[in-house]
Amino acid sequence: MGTVATATSAAATTSTATLPHILVIDDDREIRDLLARFLEKQRFRVTAVRDAREARRAVPNGVFNLVVLDLMLPGESGLDFARWLRTQSDVPIVMLTALGEETDRIIGLELGADDYLAKPFNPRELLARIRAVLRRVGEAATRQEAPPRALRFAGWTLEPQRRRLVSNDGVEVPLTGGEYDLLLALAERANRVLTRDMLLDLLRGRQAGPFDRAIDVAVSRLRRKLEDDGRRSQLIKTVRGGGYVLAAEVERE
């Protein structure tokens, strides 16, 4: 019986070790315990610490897939810790901020955080953001491993390695950096609806308020350059209440 129990325990440990590992940093014990229990039920491993000092000790001792970081920490602030962490690792960061602390959110994003959530928050919304960030990181890693030479759709060719768009008759269409990044995000996820927030996240410029209108302006410019700016766009379609979708089959080369 002892042998069976030992084997079962070893299998459970091995299984747990394969789960995504989340580092939660929050000085509120109730929030730490709540998040640890909730995320573990969602098939994550969780290490929870109360401040930046404990987090600095945890980082070298564990391989983390994502950090949930409260910016309002005692002693060393969450922003200072994020600045230090970025010198050590590119692990994704989801910030927890006080409601209305827009300046801290912007600074955090500039430091390299991947998303934010204002307190008080619903744990399920945090879970959705964690999964979205991990998915984006995985997709980015895949693209880095095998970047396509060309993406072809509706007579157009997007060349990621040269960052250019070419028409069906071989004419290069000039794009700004923002227009290119937006078109690439749409083309790599063709026939999938991308909300403004998702697009802002993908372009690493997620901000609150009127800044999300920048996506609408960029889409409008792209449509003109793709000769798709009629009253009813057929290529980059608007989804009411949703966002945008590149409605085309994309061939990768």
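- Exactly one residue among Arg32, Arg50, Lys119 makes a side chain to side chain donor-acceptor pair (under 3.5 Å) with Asp26. That residue is Lys119.
- Taking a cutoff of 4.0 Å between a charged side-chain nitrogen and a carboxylate oxygen, Glu172 and Arg164 qualify as a salt bridge.
- Using modelled atom types, one finds a donor on one side chain and an acceptor on the other under 3.5 Å when comparing Arg224 with Ser220.
- Looking at Met95 and Leu117, their side chains never come closer than 4.5 Å, going by heavy atoms from C-beta outward.
- Shown are Leu158, Leu184, Leu222; of these, the side-chain contact (heavy atoms from CB on, under 4.5 Å) with Leu165 is made only by Leu158.
- Atom CD of Gln88 has more than 12 neighbouring heavy atoms from other residues, nucleotides or ligands inside a 6.0 Å radius.
- With hydrogens and angles left out, the side-chain atoms of Arg149 and Thr157 include no donor and acceptor closer than 3.5 Å.
- Atom-to-atom distance recorded for Leu71:CG and Leu79:CG is 5.0 Å, nearest 0.5 angstrom.
- Leu134 is connected to Val94 through a chain of hydrophobic side-chain contacts under 4.5 Å among Ile, Leu, Val, Met, Phe, Trp and Tyr, so both are in one cluster.
- Atoms CD and CZ, on Glu54 and Phe81 in that order, are 11.0 Å from each other to the nearest 0.5 Å.
- Using a 4.5 Å cut-off between side-chain heavy atoms of Ile, Leu, Val, Met, Phe, Trp and Tyr, with links allowed through other members, Leu182 and Val239 fall into different hydrophobic clusters.
- Looking at Arg53 and Glu76, no side-chain N of the basic residue comes within less than 4.0 Å of a carboxylate O on the acidic one, giving no salt bridge.
- No option in Asn65, Asp114, Val67 other than Asp114 meets the side-chain contact (heavy atoms from CB on, under 4.5 Å) test with Pro92.
- Summarising the geometry, atom CZ belonging to Arg163 is positioned 9.5 Å from atom CG belonging to Leu175; distances are rounded to the nearest 0.5 Å.
- In summary, Arg152 and Glu253 engage in a salt bridge, as defined by a charged side-chain N under 4.0 Å from a carboxylate O.
- The CG atom of Leu96 sits 7.5 Å away from atom CD1 of Ile31, with the distance rounded to the nearest 0.5 Å.
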